[in-house]
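Following: one structure in structure tokens, then a few remarks.
Chain letters run A, B, ... following the sequence lines, proteins first, then strands; residues in each count from 1.
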Amino acid sequence: MADNSPKKDITFFHPDLLDISADGQACLKGYRCKSCGQLDFPKLSPCPNCWGEEFEVVPLSKTGRLYSVTDIFIAPAGMATPYSFGYVDLPENLRIFAQLEGPPGSFKCDDEVELTTGTIRMNRDGLPITSYKFKKTN
Amino acid sequence: MKLQREVYIAGVGETKFGKHELNYDALGRIAALQALRDSNINRPNVVQSAYVANATNGLVTGQTVLKDLGMCGHMPIINVESACSAGGMAVHMAIRDVATGFAEVSLGIGCENHTLELQAGTTFKPSISDIEGMQGSVMTGKYALRAQRYMYETGATIEDLAMITVKNRRHATNNPFAWFKGEISVEQVIGSRMVASPLTLQQCCGIADGAGAVVVCSAEMVKKLGIEKPIRVAGTVVQSGPYHNRPRDITGDDITETTSEQLYHESGIGPEDIDIVELHDAFTISELLYYECMGLCAKGEGLKYLRDGNATYGGKCVVSPRGGMLSYGHPIGASGAAQIAANVKQMRGQCPGYQVDPIPRVAVSHVTGGGLAGTEHAACTMHMLVSDW
Ligand SMILES: [Zn+2]
């Protein structure tokens with residue numbers, strides 16, 4: 001029988017992706033395969049290259065280049081519109097799909113952006129879910 | 001897949017697309033019955049296997065569609081799901097059954113009803129394991145990212161994108177199966193509500209209901225059934241979408257490029273010989289990119305190809321002659337099968353008011369599917385059809 005008892009929804013997405021230190025510094029977590037050296041984000045287990053299951057956690061660069069960006073006006077439940085998202089290319093040869101912090105219309109392709117944290121959506125209980133985002137570098 | 005023996009399409013059916021009070025199974029039955037009668041099949045025990053595509057209407061959808069036709073109990077019915085590629089995939093599987101000799105006659109159906117269940121104004125819910133979905137990704141937005149980069153690199157404008165809608169709606173003007181059709185101006189397209197910049201509402205396919213069905217059979221059965229205008233399947237390819245988490249060019253589409261190349265290789269027919277194409281024009285930008293990905297023109301020349309009139313009636317290759325998804329709307333499990341039905345009717349000269357002239361002899365259809373995180377699309381299905389008579 002289905003369990004219909006209420007469960008608390010998440011408010012952080014999610015520890016495998018993002019580290020926030022005690023002083024509030026955020027860092028994305030890359031995963032380097034210990035057997036073949038491939039670096040991935042997000043964590044893929046096993047490693048899709050060699051099926052290795054041991055990884056070294058590598059802090060990723062905090063700045064990158066915005067490859068493309070769009071402003072969203074019609075969205076799923078839990079999202080306040082408008083908001084922006086895009087692909088951020090990091091120097092580690094990784095592309096991160098991320099929401100952007102800043103007014104829609106203020107981003108363009110090839111902008112330099114840096115990591116930040118913030119609310120990405122509301123959960124089922126109506127509470128904000130925190131995760132990584134990117135904003136324009138100052 | 002290289003076909004092991006000749007496979008033909010004996011008959012096709014499709015419903016009008018739009019908002020339907022009839023549920024998916026009733027729509028599927030209408031299309032199936034049309035396709036069966038079009039194949040001169042008038043009783044339930046001629047078909048030996050069936051594949052039924054549906055994405056959102058629940059479990060055992062195929063049996064639900066076919067039980068009232070008396071087709072359950074004496075053949076395998078297999079339910080196919082791969083989001084927007086499912087309808088093409090169901091027909092692909094029916095073709096495989098005939099190619100391998102598993103069946104002499106097989107049936108592929110795509111059917112979907114979205115509007116009875118889906119609340120208007122919202123999009124599909126993300127799964128918590130989908131990292132892009134959690135970050136607020138929506139399908140329109142993923143295509144918008146491709147559009148933004150394409151515009152940034154080529155200097156194309158939103159007006160250029162809007163021309164795709166204008167063209168496809170014009171194509172659909174006299175097509176009784178299309179939903180949104182007739183004249184619309186570039187200004188009306190770009191002045192409609194913004195969904196995901198630069199894609200406005202009129203650059204997005206509508207959420208629709210509908211069905212398509214295709215009966216495939218062996219050469220021997222073409223004779224037995226007395227099919228006068230059999231359409232030969234020259235190629236059918238299904239691909240899964242590669243996973244990416246590294247920088248790459250998204251003004252192309254790797255899965256469409258790979259699938260096209262494989263289709264051309266297996267059929268021995270190249271892009272220069274194609275008369276008509278129904279492709280996955282879920283959004284304006286996709287049609288523009290797919291001209292290039294399918295090799296209808298060189299990389300970077302999609303816009304020129306459109307502007308020169310190569311993709312419309314009288315051009316080199318009529319793209320979306322039925323009006324495409326931008327006119328039909330997109331019931332995601334149905335579209336792939338309905339495209340094939342439309343192509344067959346064009347090749348048989350059965351499209352009064354929107355018949356391509358001269359009557360096309362080589363037709364391609366293309367559906368991608370699924371917004372899986374890290375892929376452009378989770379699946380891609382393409383078919384190459386030819387008439388030999
Ligand atoms: Zn490895």
query = Stepwise, does the side chain to side chain donor-acceptor pair (under 3.5 Å) test hold for B:His330 with B:Ser335?
reply = CA-CA 6 Å; B:His330 182 28; B:Ser335 290; 2.6 Å; yes
Heavy-atom distance under 4.5 Å to chain B: side chain of [X], backbone, both or neither?
X       : answer
A:Tyr83 : side chain
A:Leu39 : backbone
A:Leu17 : side chain

Pairing of [X] and [Y] as salt bridge, 4.0 angstrom limit:
X        : Y        : value
B:Asp249 : B:Lys299 : yes
A:Asp111 : A:Lys136 : yes
B:Arg307 : B:Asp160 : yes

ask   = What residue, out of B:Pro247, B:Ala196, B:Ser197, B:Ala144, has the most heavy-atom pairs lying under 4.5 Å from chain A?
value =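 That would be B:Pro247.
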B:Ile250, part contacting chain A, at a heavy-atom distance under 4.5 Å =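 Both parts, heavy atoms under 4.5 Å.
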ask   = Does the pair A:Asp89 and B:Arg248 meet the rule for a salt bridge (Lys or Arg N to Asp or Glu O under 4.0 Å), with working shown?
value = CA-CA 9 Å; A:Asp89 290 347; B:Arg248 66 202 171 85; over 6 Å; no
query = Parallel, tilted or perpendicular for B:Phe17 and B:Tyr328, by the 30°/60° rule?
reply =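 Perpendicular, since the angle between the ring planes exceeds 60°.
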Identify which of [options] forms the greatest number of heavy-atom pairs closer than 4.5 Å to chain B.
options                             : result
A:Leu44, A:Val88, A:Thr81, A:Ile96  : A:Leu44
A:Ile72, A:Leu90, A:Ile120, A:Asn93 : A:Asn93
A:Asp40, A:Val69, A:Asp71           : A:Asp71

